[in-house]
Protein chains: 2
Amino acid sequence: MKKTTSSDISTEEKIKIAARTLFTKKGYAATRTRDIAEEAGINLALLNYYFRSKEKLFELIMMEKITNFFGVVGPLLNDTSVTLEQKIVTISGNYIDMLNDNPELPLFILSEIRMNPDQFATRLPLSQVGASHLFKQLREKKPDLHPIQFLMNLLGLTVFPFIMKPVLVQSGLLTEKTFEEQMVQRKELIPKWLRAMLKKS
Amino acid sequence: MKKTTSSDISTEEKIKIAARTLFTKKGYAATRTRDIAEEAGINLALLNYYFRSKEKLFELIMMEKITNFFGVVGPLLNDTSVTLEQKIVTISGNYIDMLNDNPELPLFILSEIRMNPDQFATRLPLSQVGASHLFKQLREKKPDLHPIQFLMNLLGLTVFPFIMKPVLVQSGLLTEKTFEEQMVQRKELIPKWLRAMLKKS
DNA sequence: GTCTATACAAAGATAGAC
DNA sequence: GTCTATCTTTGTATAGAC
């Protein structure tokens with residue numbers, strides 16, 4: 001029987017929590033194992049005891065985050081029972097909700113991929129997108145626009161504000177609160193804008 | 001009289017060129033001064049001789065890049081002789097041209113700002129945007145949409161594809177060549193999409 | 001499983017010769 | 001201005017006691 005209850009967290013879990021915080025905030029290279037240990041309130045040696053190395057620990061966290069990030073689109077991609085319109089609303093809405101809770105996610109994932117493109121390329125569930133039902137729907141609806149162009153728009157309109165957030169808030173152009181309000185608004189605006197893009201021209 | 005001619009580059013300049021390449025590709029933390037020295041083909045000690053420290057050198061490059069990045073919008077912001085429509089076309093067009101030459105720029109700037117938000121906040125020319133002529137034009141044209149929302153769209157549609165580029169290319173969803181072609185297309189598409197967003201609803 | 005102590009490696013910075 | 005050699009600091013990993 002595990003001695004861990006909901007109120008006392010195992011050392012292993014403490015390290016993972018601290019690693020999640022620091023890695024996603026500062027990235028791999030700028031994060032010190034000593035800082036993780038301190039943040040977790042444990043001894044530095046235990047990090048290596050449980051996870052063998054900084055890199056192994058990082059990969060664990062990274063895979064978790066990639067799953068989070070692509071989990072929003074994944075299940076919808078090939079669902080033939082959902083209309084294009086519904087997919088758009090669901091994807092952008094779910095992303096905004098998820099990113100409101102994890103605003104640092106996109107910048108973290110994208111910058112780490114940039115540093116090691118080939119290492120993560122194979123593990124990304126993106127390769128299937130090209131043959132997905134969503135792409136088929138897009139081609140039918142608007143043959144003269146490459147589905148990738150549309151995907152860039154969907155993600156750009158949804159994800160980019162969260163990437164800009166630190167800049168906008170720090171520059172005083174926006175407060176945390178008004179940012180969140182605007183993101184809520186966008187859940188209705190984005191589908192409207194995307195719908196216009198798919199109109200026959 | 002300087003002995004430097006156009007064909008032989010001064011040591012100082014060699015270091016700056018190497019630093020530009022490595023910092024923008026890997027970020028501050030992951031870049032080693034030894035790598036910069038090697039890339040520049042100079043002795044490690046010379047880096048400190050010319051720039052005192054890694055950090056000083058980095059700040060120099062960073063300021064350069066911020067100037068590049070915001071230079072595209074800056075001059076247009078308060079130009080009262082340019083219509084809103086023209087501003088949109090110019091901004092997105094110029095950005096796409098500039099980013100086609102410097103695709104790593106946005107991810108570099110945004111991830112470094114994320115690591116040190118307050119350090120760069122003051123130096124960003126973004127605070128003036130709120131009082132700009134562009135924002136005034138946007139408020140007049142479409143009072144029910146917050147200008148920031150529009151700015152997010154303009155930048156999201158323009159800049160985000162370049163942020164996604166490594167992911168898209170590495171996952172095999174796109175080749176370098178088709179990416180560039182699509183970006184050229186977007187120079188006409190983006191203004192069209194944005195125009196639709198500013199229509200009376 | 002957890003901690004102390006320490007080895008080992010890498011990175012940034014500098015002194016001093018040329 | 002440039003180089004070699006070296007110092008210091010910081011970061012990662014491990015050995016061994018409890």
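Just so we're on the same page: letters track the sequence lines, and every chain starts at 1.
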- Here the distance between atom P of C/dA11 and atom CD of B/E38, to the nearest Å, is 12 Å
- Message: Looking at A/N48, I'd like to know whether one of its side-chain N or O atoms comes within less than 4.0 Å of OP1 or OP2 on D/dA13.
- Response: yes
- Query: For A/T11 and C/dG1, is the shortest distance between a side-chain N/O and OP1 or OP2 below 4.0 Å?
  - Reply: no
- Task: Please name the residue in the list B/F108, B/F120, B/Y95 that meets the ring-ring contact (aromatic ring centres under 6.0 Å, His included) test with B/F69.
- Result: B/Y95
- Item | Any donor-acceptor N or O pair under 3.5 Å, side chains B/T83, B/Q86 | yes
- Message: Can you see if the side chain of B/S53 gets near the phosphate of C/dG12 - specifically, an N or O under 4.0 Å from OP1 or OP2?
- Response: no
- Respond yes when some side-chain nitrogen or oxygen of A/Y49 is under 4.0 Å from OP1 or OP2 of C/dG1, and no when none is. yes
- Item | Nucleotide D/dT4, atom P - distance to CD1 of B/I42 in whole Å | 12 Å
- Item | Nucleic acid contacts - residues 16-35 of chain B versus DNA chain D, non-hydrogen atoms under 4.0 Å | none
- Message: For a salt bridge (charged side-chain N to carboxylate O under 4.0 Å, His left out) check, start with the C-alpha distance between A/K177 and A/E181, then their side-chain angles and the critical distance, and finish with the verdict.
- Response: CA-CA 6 Å; A/K177 189 162 176 295; A/E181 286 166 7; 3.0 Å; yes
- Query: Quick one: A/F51 CZ to C/dG1 P, roughly how many Å, whole number?
  - Reply: 12 Å
- Message: Assess, by modelled atom type and distance only, whether the side chains of A/N102 and A/R20 contain a donor and an acceptor separated by less than 3.5 Å.
- Response: no
- Item | Whole-Å distance separating the CZ atom of B/R52 from the C1' atom of C/dT14 | 11 Å
- Which nucleotide sits closest to the side chain of A/A45: D/dT2, D/dT4, C/dT4? C/dT4
- Task: Report the distance from atom CG of A/L57 to atom C1' of D/dA13, rounded to the nearest whole Å.
- Result: 14 Å
- Provide, to the nearest angstrom, the distance between the CD1 atom belonging to B/I36 and the C1' atom belonging to C/dA11. 12 Å
- Item | Geometric cation-pi criterion, B/K54 with B/Y28: 6.0 Å, 45° | yes
- Name the closest nucleotide to the A/N43 side chain, picking from C/dG1, C/dA13, C/dC3. C/dC3
- Carboxylate-amine/guanidinium proximity below 4.0 Å for B/K165 and B/E176: yes
- Item | Nearest-angstrom distance from the residue atom CG of B/L46 to P of C/dA13 | 14 Å
- Note on the structure: Rounded to whole Å, the CG-C1' distance (A/L44 to D/dG11) equals 9 Å
- Decide salt bridge (charged side-chain N to carboxylate O under 4.0 Å, His left out) for A/E39 and A/K14; before the verdict, give the C-alpha distance in whole Å, the side-chain angles of both, and the deciding distance to 0.1 Å. CA-CA 9 Å; A/E39 170 89 17; A/K14 272 190 235 161; over 6 Å; no
